[in-house]
Each structure stands twice: as C-alpha cells, then as structure tokens.
Number of protein chains: 2
Amino acid sequence: MKQAKTGAAAPSLPVDEILSGDCIEVMRSLPEGSVDLVFADPPYNLQLQGELHRPDASRVDAVTNDWDRFDSFAAYDAFTRAWLAEARRVLKPDGALWVIGSYHNIFRVGAAVQDLGYWIQNDVIWAKTNPMPNFRGTRLTNAHETLIWASRSQKGRPTFNYEALKELNEGTQMRSDWSMPICTGHERLKDAGGAKAHPTQKPEALLHRVLVATTNPGDVVLDPFFGTGTTGAVARKLGRSFVGIEREAEYRAVAEKRLAKVRPYEGAAIEVSRGKRAAPRVPFGTLVERGMLSPGEELVSLNGRHRAKIRADGTLTVKGVAGSIHKVGAELLGAPSCNGWTYWHFKRDGAKVPIDALREQIRAEMRPS
Amino acid sequence: MKQAKTGAAAPSLPVDEILSGDCIEVMRSLPEGSVDLVFADPPYNLQLQGELHRPDASRVDAVTNDWDRFDSFAAYDAFTRAWLAEARRVLKPDGALWVIGSYHNIFRVGAAVQDLGYWIQNDVIWAKTNPMPNFRGTRLTNAHETLIWASRSQKGRPTFNYEALKELNEGTQMRSDWSMPICTGHERLKDAGGAKAHPTQKPEALLHRVLVATTNPGDVVLDPFFGTGTTGAVARKLGRSFVGIEREAEYRAVAEKRLAKVRPYEGAAIEVSRGKRAAPRVPFGTLVERGMLSPGEELVSLNGRHRAKIRADGTLTVKGVAGSIHKVGAELLGAPSCNGWTYWHFKRDGAKVPIDALREQIRAEMRPS
DNA sequence: AGAGCGATTGAATCAGCTC
DNA sequence: CGAGCTGATTCAATCGCTC
C-alpha cells in the first residue's frame, strides 16, 4: 500500500495555485501519477556555485580548467536529473513532458531525459522572427531555442491533437520548426520601475501551441519553473488547470497578479478539431442491418478494377476470398492493409459513393443534438 | 619529444585521400594538431521498430544498415566519446568541429562535445524545405536536423567568415536556422541498379555554407564518416583539402568516382567578401549554395556589354571591383543604384535568363512556411 | 513543344483495441 | 502478453509519360 510505504496519507494535488519553494522538494510532496503534462523552462547557467541564474542575470565567470568545467557540468547534470526524475514520478503513465532550452543546456537535458526513461516524440525548434543580433559579429545570430517533447515512457500514449495542429498550419501537417516572435510589447511584464519583470519570459503563443497540441480541456499542467506564470495564464485561457512552482517571491507576486486578470475562453472556443480517430466505431454490418446496403449488392473500388459482393453478416466475398471490408480490400490490392471505408464504393444515380458516407450518416444520428 | 612518446616517427597527414577503416583507429594514426576543421555526420542510432508504410500502402525505405545499430545508449555514448576525443586530438588549437544529428542522437553527442572540452559556438538548425511527412499522423513532421559548431576549446579562436556569411544572407547577419532542401534529383548518387548509393547523403549546399563560414582556402577538412564524399566534393570545389575516412568499401568506391569529376572553382571565385552590403529578401548567395549558379560562372547584362564572375559567397567580381549583384551593376553603369536581380543574366541553352527567375523558383519553394 | 498527370521517394524512434 | 483485427494516415519535389 502506498500510504504505508510513504508513511503518510496520500497527498492531494493542489490545483490552480502557485506553490512556493524549490521545485524538487515541492514535487516530492505531490502525488505520483497525477498530472497530464509538465512544461519546464529550467535555468541554464552552468556555474553552479551557490545559486542557479538565468543567462542574462549571470556573470560569466571564466572557467579556467577542465576540472572546473567538469565540476560545473556535473552539478548541472545532478540538478537536471533530480527535477526530471521527480517530474516523471508525478506524471500520469500517458503523460508527457516539454522542456525548452538553448545550446548551453539542452544537450545535457536531452541526454538526461533519455537516460531517465522518457521517450522523445519530437524536438521542436522555436525560430524567433526577431532575435537579438550577435553584436560582436563573432558567431551566427542565435535565432532559435529548442524544445523537447517526450512521453513518460516508450509505452506511454501521450495526447496529440494532430488535426488541431494541422488546422493551425493551414491544412498541412505541423512541422517541427515553429516560427514565432519573442515576447515584447504589452505582453512583456514590467516591474514597478518599468524594467523587465523576468529575464526570459516566453511568448504566450508558444505555450498556446504546446497546450493545444498535447493537452485536452480539464487536463492538469505542472510548471516547476513557473516564473511569471505564462504557462498558468495560457492554461487558464484554454480551460486547463495548472500547478506552478516558483522559488522567487517576486516572480510569484507578478504571476499572481497576472493570473487574477486572466479569463478563460468560452467553452466552445477551446474545442479543437478531432479527426476520425475520436469518432465512435461503427461496424460495417450495421449498414447492412439497417438496410442502407443489401446482401448480394456489389461494391466497387474507385478505379473500378475490383468488385465484391456483400454478405448478410457484413463481410465481403469475391473469387473465393471472404472477410471484412478491410481484409478483402488488402487482399485484392496485395497490400499489407487497406481502409475498406474509403476503398469501397456503392453506386447511386450512376455515381460512385464511398461507403464511408453511410457511416458518417449513422454517426450523425448518434451525436447528441 | 613526441616521437619518443609514441614510439614511432611523427606521422604525416595524407591529404585529399579517402582512408579505409574504422575512423577511431585511423584517426589515431594521424598527427595531432594537424587539421583545421572536422565535419562529422555520425550514425544517428535511430532504433527503428517495424516496417512503415505510406497511406498509399507503399513501403518506406528506412535506414536499417548495420552501421546504425547500437545495443544501448551506453554503447552509443562510448563510441561517440571515442571518436570525438580522437578528432579533438587531431584538430589544431584554433580548429573547429561540426557534427550533425537528429533528436535520436544529438543530445548525447552535444553533451559529449561539452564534456570533452570543446566549446560550443552555435547550434544550427537545418530546416528542410521538403521533409518526409509523418505518415501516421502521430507526431509533428520531423522537418529539421541539428548541427553543433564547436571550437576545440574555450580558448580556441575558430575561423568565422562573418562578412562572407552576411553576404550570403543578403546583407544581414546569418541566423542559426538554415532553410534548405534535402538531397534529391541529380545530386543524389545512385548505384548501378538505380537505388540510392547511400541512405543519408547530405546536400552540397549545406556543406558549402559550413565551409565558407568556418574555413579558408587551403584549409584541411577531416570527415571521419565520409560516406559518398559530399564533404570532399565541396571542399575541393572551394579550394580546401580534405581527409576522408570511410569503413564501407562500397561508399568509398562511389566517393572516389564522384571526386574524380569534381573541378575546383577558379582562384578568384573562392575569395570571400570583406565588405558590406544590405538589401531585400531571397539572398543571391542562396542561388550559389544551391548550385543553381556556380562560383566562377559568368553573369552578363542584357545588352551583353558587361560581364561579372560569381564568387562563393554570392558576391560578383569584375576588374578588381567586388560586391553584391546590385553594387557591381551600379558600378559598371556609373549609376547610383541598380537592381541586380533584373540586370544580371545567366545563359541557358544560348538564351539570356535573368537571375530573378531563379529567385522566383526559390520563393515558390519557400511559400508555404 | 509544353502542360498536365501519375508514380516515386526521402535519417521515421509512426496504432489501438479485443480476446 | 501476444495474436489478430479494425481502420487511420502524407508533403514536396522529381521523373517520365501522355495529350
């Protein structure tokens, strides 16, 4: 029993709150298998003497020899593996992780992700439309950051709203390179003195795409490096719940204020395109039972090359071959598989109509109106 | 003394040759501190499972070669660290490394690069204009690969032709995300049976940009995973020397044949610009990188009165004058300005075609993005 | 001749459910 | 857990053929 093992009552998950403290310790207090998604924007300074710092807040202390370098990489790796392991414990079996970083840290993070048993789905490039130039002209303009999207394990089946992303991309499959501007203007939070409230505030557009792609309404999103709460703000807008962890009181204060102003989009607005995978199953035999097609009637492939006869039990038969609409189609095509719903057609008014049209008719009847 | 330490005479560096054997062992036989650049396209450790079919039931020809199979992450890491360490020994103190990979391996490679004392200058994204789609609709289109550019050490001062890259990018700083098509068509080498000679041949445009950016004419470029010799072919065209190492006899044979046909561009053509320029959208240099026009090739004005030669960085030169297509055109016309895109023509089948036609071709490729 | 159509192909960790 | 069945799913570019 878990309660006996931990020596404490099973903790409950505090939701839509910002938790204060070190994320590794705080995550330890959260129940295992309780969140749908982790989005993390960890610090990436490798100089771990004392505190971790954001890149522009950090002094770049020259590392003079190999031992120092190894020491700081080792410290960063230890920190990275610790929070990734806790995050993995807190994730549901079919949960997923997003981490964002730059070349300073992303390779170490990515290797740790793999070593800890996560399974990478994609790496995604955020190509900035308006990056900061390299003023000294010694390197290329650092115009992108890298995100890693990983399931909790190889067996995990993370949420992926394929159709929704396809729509976001004007009808063609979403690619792994995303072009978006950095966070500026009114979106960029300022402190009382007018300075940036946080050095690395991410654009809401980025989180919007991440959450539309890999969560559903009502899901819980954990952000262990909450900062000024971009993850929470977008989650709330999209009808998701969030759990934020942030160590710095100043950032928590900014985030609280920000979140108080956020209004969720209307219920219908957060629905996304689903595709056929989510539709209810309709056996082909149902069309026969309902008299939409008759036993003995002939189906034909679109090119007219193949014909088969419908039997009373909803199987097809042709030249001694018999079986499901899929199996017979595959057999005739000599293909490993075949979607019978789109392959087979019946004739109506001289035209060929895919049997999928009849299935859609039944599905329409089944929908709550 | 090195000779005493190694117990052998200091080895000399064989240049413009393909060396046969395992790259780790072969590199051990090369003198330390002897090459200017290492470009490496190592196995990606793809870990593919079963077969994959397109929606039209055709089978995808995947990378299932023995050279891409490793028993575990640990085995892959050991291999990676071994070749990276030898490559580092062979590099000059101010030398640099490029490695290309995908999310399957690049995080492990990048962490090893850092651990071994290299110093990352940039990570670079090759965004493919025409990637293979995700046929099952289960993930994002895997539309990019990642390159790491690193100096031998933090103290190293690697070659970086900042101005040349700026010219290649039509006057604005070159970014870390590069958009290029994959290697297809006539550039893609075929074996006797018409099948692809190598499963992962890289486009010459990619190597062109890498070598223009981080080497000078006369430099020596080592490629420990030579394959069909793209690195060698582009190096020779650009007046660089190469050292190729390849284990597979079949690949070596294809590469030898390929290299025998390669002619270096003329001396003046490989000089890169030191000046500055600014202008519109599709950089002229892109036409050069993509092989639509070649360094050394002549452009001519419509009336035939003026001629200029193309250089590797996308600038033109004539009678000691050098600069962008616009600047050189203006100079020759004695005019304050000139639209090089409509002024300059190349010859095809005896007819003069404005280079703008090529720009339009590229724009057509870039449109849906 | 040139437009248009069909076939082919590329570094890919590519399904989910029931029995 | 494995076997077996249902059934969902692709974009850009090149090449070669027909009209």
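In what follows, every chain begins at residue 1, and chains take the letters A, B, ... in the order their sequences are listed.
Between B:Phe225 and B:Trp67, the gap from one ring centroid to the other reaches at least 6.0 Å.
Residue contacts shown for B:Lys202 include a base, since a base heavy atom lies under 4.0 Å away. Residue-level contact check: A:Ile325 touches neither bases nor backbone, having no heavy atom under 4.0 Å from any strand. B:Asn45 comes within contact range of no nucleotide atom at all, as no heavy-atom separation falls under 4.0 Å. Within 4.0 Å of B:Pro203, counting heavy atoms only, lies no atom of the nucleic acid at all.
For A:Arg281 and D:dC5, the CZ to C1' distance is 9 Å, given to the nearest whole Å. Regarding B:Arg188, its CZ atom lies at a distance of 18 Å from the P atom of C:dT8, rounded to whole Å. At whole-Å resolution of the value, OH in A:Tyr162 and C1' in C:dC14 are 11 Å apart. A:Arg277 places its CZ atom 5 Å from the P atom of D:dT9, with the value rounded to the nearest Å. One can place NZ of A:Lys276 at 14 Å from C1' of D:dT6, the figure rounded to the nearest angstrom. B:Arg139 has its CZ atom 17 Å from the C1' atom of D:dA8, to the nearest Å.
Counting heavy-atom neighbours within 6.0 Å of B:Lys257 NZ, excluding the residue itself, gives a total of 12 or less.
Residue A:Asn339 has a polar side-chain atom (N or O) positioned under 4.0 Å from OP1 or OP2 of D:dA8. In terms of phosphate contacts, B:Arg59 brings no side-chain nitrogen or oxygen within less than 4.0 Å of OP1 or OP2 of C:dG10. Of the side-chain N and O atoms in A:Arg157, one or more sit less than 4.0 angstrom from OP1 or OP2 of C:dG16. Within the 4.0 Å cut-off from OP1 or OP2 of D:dG7, not a single side-chain nitrogen or oxygen of A:Ser337 is found. Look at B:Arg136 and you won't find any side-chain N or O under 4.0 angstrom from OP1 or OP2 of D:dA8. In this structure, A:His326 reaches the D:dG7 phosphate: one of its side-chain N or O atoms is under 4.0 Å from OP1 or OP2. At D:dT10, one or more side-chain N or O atoms of A:Lys166 fall inside 4.0 Å of OP1 or OP2 (strictly under the cut-off).
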Could you run down the sub-3.5 Å N/O contacts of the protein with nucleotides 15-17 of chain D?
unit_1: D:dC15; atom_1: OP1; unit_2: B:His186; atom_2: ND1; d: 3.3

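Ionic pairing of A:Asp356 and A:Arg363 is not present here: no N-O contact between side-chain nitrogen and carboxylate oxygen is shorter than 4.0 angstrom. We find that B:Arg54 and B:Asp56 are not joined by a salt bridge, their nearest charged nitrogen and carboxylate oxygen being 4.0 Å or further apart.
Minimum atom distance to the side chain of A:Gln173 is reached by D:dC11, of the listed D:dA8, D:dC11, C:dC14. Of the candidates C:dA11, C:dT9, D:dC11, the closest approach to any side-chain atom of B:Asp41 belongs to C:dA11.
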Practice problem: Report the secondary structure of DNA chain C in dot-bracket form, marking unpaired bases with a dot and bases paired to a different strand with |, and treating Watson-Crick or G-U pairs with both distances under 3.5 Å as paired. | Solution: .|||||||||....|||||

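D:dT10 and C:dT8 are spaced 13 Å apart, taking the C1' atom of each and rounding to whole Å.
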